[in-house]
J.: 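The following block contains the structure, expressed as structure tokens.
Just the heavy atoms: all of them, side chains too, but no hydrogens, waters or symmetry mates, feed the values below.
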Amino acid sequence: MGFDGDTERMIRANEANWDARTPIHVASDFYGVATRDPADWFADYEWSDLGDLQGKDVAHLQCHIGAETLAFAHRGARVVGLDISGESVVAARRLAEAAGVTVEYVKSDVYAAAEALGRNKFDIVYSGKGALCYLPDLPAWAAQVSALLRPGGQFYLVDFHPLLDALGPIPAADGSQDLLLRHDYLGGRGHLRMDGSRTYTDGPALPDDLAYYEWRHGLGEIVTALVRSGLRITLLRESEELPWPRWEAMTSTGGAWHRLPESAPHLPLMFAVQAVKEP
């Protein structure tokens, strides 16, 4: 898809930022790639919603280093991961090889996913956990998702809730733990230029301050884009849990997942959408 020059420049800046983040993430305790079970990144409801994956063709969009992607292969799926970052794809291939798991990884912008992976090819397309905020155009993204799916195939999206993005999924620079609205919930005001000096994991600063860009999308915008691409929504969840303790006051709900204490407001921090491509 052809974007205007400014948007293309921001997408390329994001690619460079992810390239620079990759070695830090591979070495981080946050990802724990040598010791952490890839299934830790999934809530129980995700496996319930996805169903039996044995023998299914699965595409994982915006897969980064494949920390989650391996979990699909462990459940018997034939898996392809796609990411815009060449460094991430190289790292993902190495991690899969070290784990003795067969996963194909392809470097591509998600807006060219159908061309890179093939049309009408997948039983399941999965995306999530920090993906949507890097997309400037949701209708074009949804069209790619629909093109990848076979008739009757399902798309499953699990991502940080727009409210969490508004609160700030990365701790504030001043160290504040307060639940404060820091960004828009709804889109429409264009991009946000983000500080690229550090990443969201433990580890050193990036070698260069590579600014990156995000776009805000409300639930209405997300669902509408999917429906207009020819998909039928079958499920919409909102969840109070995150796969890491964003705030110090969060308590463990088992494994890697955490929620705010009972004394805090009950807020949606993640959401899931399941949609089917009509036969």
J.: Would a 4.5 Å heavy-atom cut-off, applied to side chains only, mark Met270 and Trp257 as touching?
T.: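 When only atoms from C-beta onward are counted, Trp257 and Met270 do touch, with a gap below 4.5 Å.
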J.: Please work out whether the ring planes of Tyr126 and Phe42 are parallel, tilted or perpendicular, with thresholds of 30° and 60°.
T.: tilted
J.: For Trp215, what are the other residues in its hydrophobic cluster, where any two members join if their side-chain heavy atoms are less than 4.5 angstrom apart?
T.: Met10, Tyr213
J.: Is there a side-chain contact between Leu50 and Val58 (heavy atoms, below 4.5 Å)?
T.: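 Counting from C-beta outward, Leu50 and Val58 never come under 4.5 Å.
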J.: I'd like to know if the side chain of Glu240 reaches the main chain of His266, judged simply by a donor and an acceptor atom lying under 3.5 Å from each other, with no hydrogens or angles considered.
T.: no
J.: Please check if the number of heavy atoms outside Arg182 that lie under 6.0 Å from its CZ is greater than 12.
T.: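 Yes - once you tally the heavy atoms of other residues, nucleotides and ligands closer than 6.0 Å, there are more than 12.
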J.: Please indicate whether Glu278 has more than 12 foreign heavy atoms, meaning atoms of other residues, nucleotides or ligands, lying under 6.0 Å from its CD.
T.: yes
J.: Hey, quick one: are Leu180 and Leu242 part of the same hydrophobic cluster, counting side-chain heavy atoms closer than 4.5 Å, chains of contacts allowed?
T.: no
J.: Taking CD in Glu115 as the centre, count heavy atoms belonging to other residues, nucleotides or ligands within less than 6.0 Å. Is the count above 12?
T.: no
J.: Quick one: are Leu149 and Leu231 in side-chain contact, heavy atoms under 4.5 Å?
T.: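 A side-chain contact exists here, since the closest heavy-atom pair is under 4.5 Å.
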J.: Are any of the side-chain heavy atoms of Tyr105 and Ser88 separated by less than 4.5 Å?
T.: no
J.: Looking at Asp202, I want to see if its CG is surrounded by more than 12 non-hydrogen atoms of other residues, nucleotides or ligands under 6.0 Å.
T.: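 Result for CG/Asp202: enclosed.
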J.: How are the rings of Trp141 and Phe155 set to each other: parallel, tilted or perpendicular (split at 30° and 60°)?
T.: perpendicular
J.: For Arg93, is there an ion pair with Glu97 - N to carboxylate O distance below 4.0 angstrom?
T.: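 The answer is no: the pair does not qualify as a salt bridge.
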J.: Quick one: side-chain contact (heavy atoms from CB on, under 4.5 Å) partners of Glu214, sequence neighbours excluded?
T.: Cys133, Tyr134, Met194, Tyr212, Arg216
J.: Answer whether the closest heavy-atom distance between the side chains of Leu219 and His161 falls below 4.5 Å.
T.: yes
J.: With sequence neighbours excluded, what pairs up with Arg94 under the side-chain contact (heavy atoms from CB on, under 4.5 Å) test?
T.: Val90
J.: Going by side-chain heavy atoms closer than 4.5 Å, which hydrophobic residues are tied to Leu206, directly or by a chain of links?
T.: Ile24
J.: Can you classify the ring geometry of Tyr31 versus Trp41 as parallel (below 30°), tilted (30 to 60°) or perpendicular (above 60°)?
T.: tilted
J.: Under the rule for side-chain contact (heavy atoms from CB on, under 4.5 Å), what residues qualify as partners of Lys107, not counting sequence neighbours?
T.: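 By the side-chain contact (heavy atoms from CB on, under 4.5 Å) rule, Lys107 matches Glu15, Val89.
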J.: Could I get the full list of ring-ring contact (aromatic ring centres under 6.0 Å, His included) partners for His74, not counting sequence neighbours?
T.: none
